[in-house]
Amino acid sequence: MALQGPIPIGFEQVFPFGCYIVGEVEQVKDFEASTGGKFVPARDKSTGELVWQVAVMDADPGVKAAQKTVSVKILAPVQPVPPASISGLPFTPVEFDGMSVTPYVHQSTGRLAYSIRAREMRAPRPAGKPAAAAATSGKDAA
């Protein structure tokens with residue numbers, strides 16, 4: 001089979017209604033290498049980059065409450081900085097670039113689940129402004 005490893009996917013396919021940060025950006029622990037009180041940060045097996053995670057809430061009104069919050073892992077050499085919060089909103093809207101999903105079977109439930117990864121976290125682009133236009137206009141929020 002030609003398809004191996006993480007499956008590239010667009011932000012709009014994962015979060016068609018957008019998503020909001022509901023937790024802190026945290027470094028992922030390498031559970032196999034960490035022992036006792038010694039924390040060893042996780043690194044991506046293919047790139048060697050550090051792995052960070054942030055909890056986000058899916059804004060899709062059709063998603064069940066128990067499935068609204070998911071963790072997105074971000075591969076980055078330094079801790080990613082969330083976009084600035086927007087006045088009047090209780091949560092910070094966010095978008096991710098360079099996304100991929102890896103399907104797996106959840107051990108406790110036996111159900112299909114997905115590990116979501118990204119290369120970058122940023123503020124959402126204004127509605128109707130495609131990525132290429134935002135990048136060429138110099139107004140892309142990084």
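Summarising the geometry of Pro83 relative to Met121, their closest heavy-atom pair is CD-CG, 4.2 Å, with the distance given to 0.1 Å. Across Phe15 and Cys19, no two heavy atoms sit closer than the pair CD2-CB, 3.8 Å. Considering all non-hydrogen atoms of both residues, Trp52 and Pro80 come closest at CG-CD, 3.5 Å.
Screening residues 36-46 for salt bridge (charged side-chain N to carboxylate O under 4.0 Å, His left out), with sequence neighbours left out, gives Asp44-Arg117. Residues in residues 16-30 take part in no side chain to side chain donor-acceptor pair (under 3.5 Å) pair, two or more places apart or across chains. Within the structure, side chain to side chain donor-acceptor pair (under 3.5 Å) contacts touching residues 83-96 (residues at least two apart or in different chains) are Glu95-Arg122.
Contacts of Thr35 classified as side chain to side chain donor-acceptor pair (under 3.5 Å), with partners at least two apart in sequence or in another chain: none. Residues satisfying the ring pair (Phe, Tyr, Trp, His ring centres under 6.0 Å) test with Phe96, not counting sequence neighbours, are none. Among residues two or more places apart in sequence or in another chain, the salt bridge (Lys or Arg N to Asp or Glu O under 4.0 Å) test is passed with Glu49 by Arg119.
Placement of Ile116 and Leu50 within a single hydrophobic cluster is found when ILVMFWY residues are connected by side-chain heavy-atom separations under 4.5 Å, directly or transitively. There is no path of hydrophobic side-chain contacts, each under 4.5 Å, that joins Phe11 to Val22. Under a hydrophobic-cluster definition in which Ile, Leu, Val, Met, Phe, Trp and Tyr are linked whenever side-chain heavy atoms come within less than 4.5 Å, directly or via other members, Val14 and Ile7 are assigned to the same cluster. Each of Val28 and Ile21 belongs to its own hydrophobic cluster when Ile, Leu, Val, Met, Phe, Trp and Tyr are linked at side-chain heavy-atom distances under 4.5 angstrom.
When atom types are taken as modelled, the side chain of Gln79 and the backbone of Val25 share a donor-acceptor pair closer than 3.5 angstrom.
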For residues 63-77, which side-chain N or O atoms pair as donor and acceptor with protein atoms under 3.5 Å away, sequence neighbours left out?
unit_1	atom_1	unit_2	atom_2	d
Lys68	NZ	Asp58	O	3.1
Lys68	NZ	Asp60	O	2.5
Ser71	OG	Gln53	OE1	3.3

Distance-only criterion, 3.5 Å: show the donor-acceptor pairs between side-chain atoms of residues 100-108 and protein atoms not counting sequence neighbours.
unit_1	atom_1	unit_2	atom_2	d
His106	ND1	Ser108	N	3.4
His106	ND1	Ser108	OG	2.9

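Taking Ile, Leu, Val, Met, Phe, Trp and Tyr as hydrophobic and joining them when side-chain heavy atoms fall under 4.5 Å apart, one finds Val40 isolated, its cluster having no other members.
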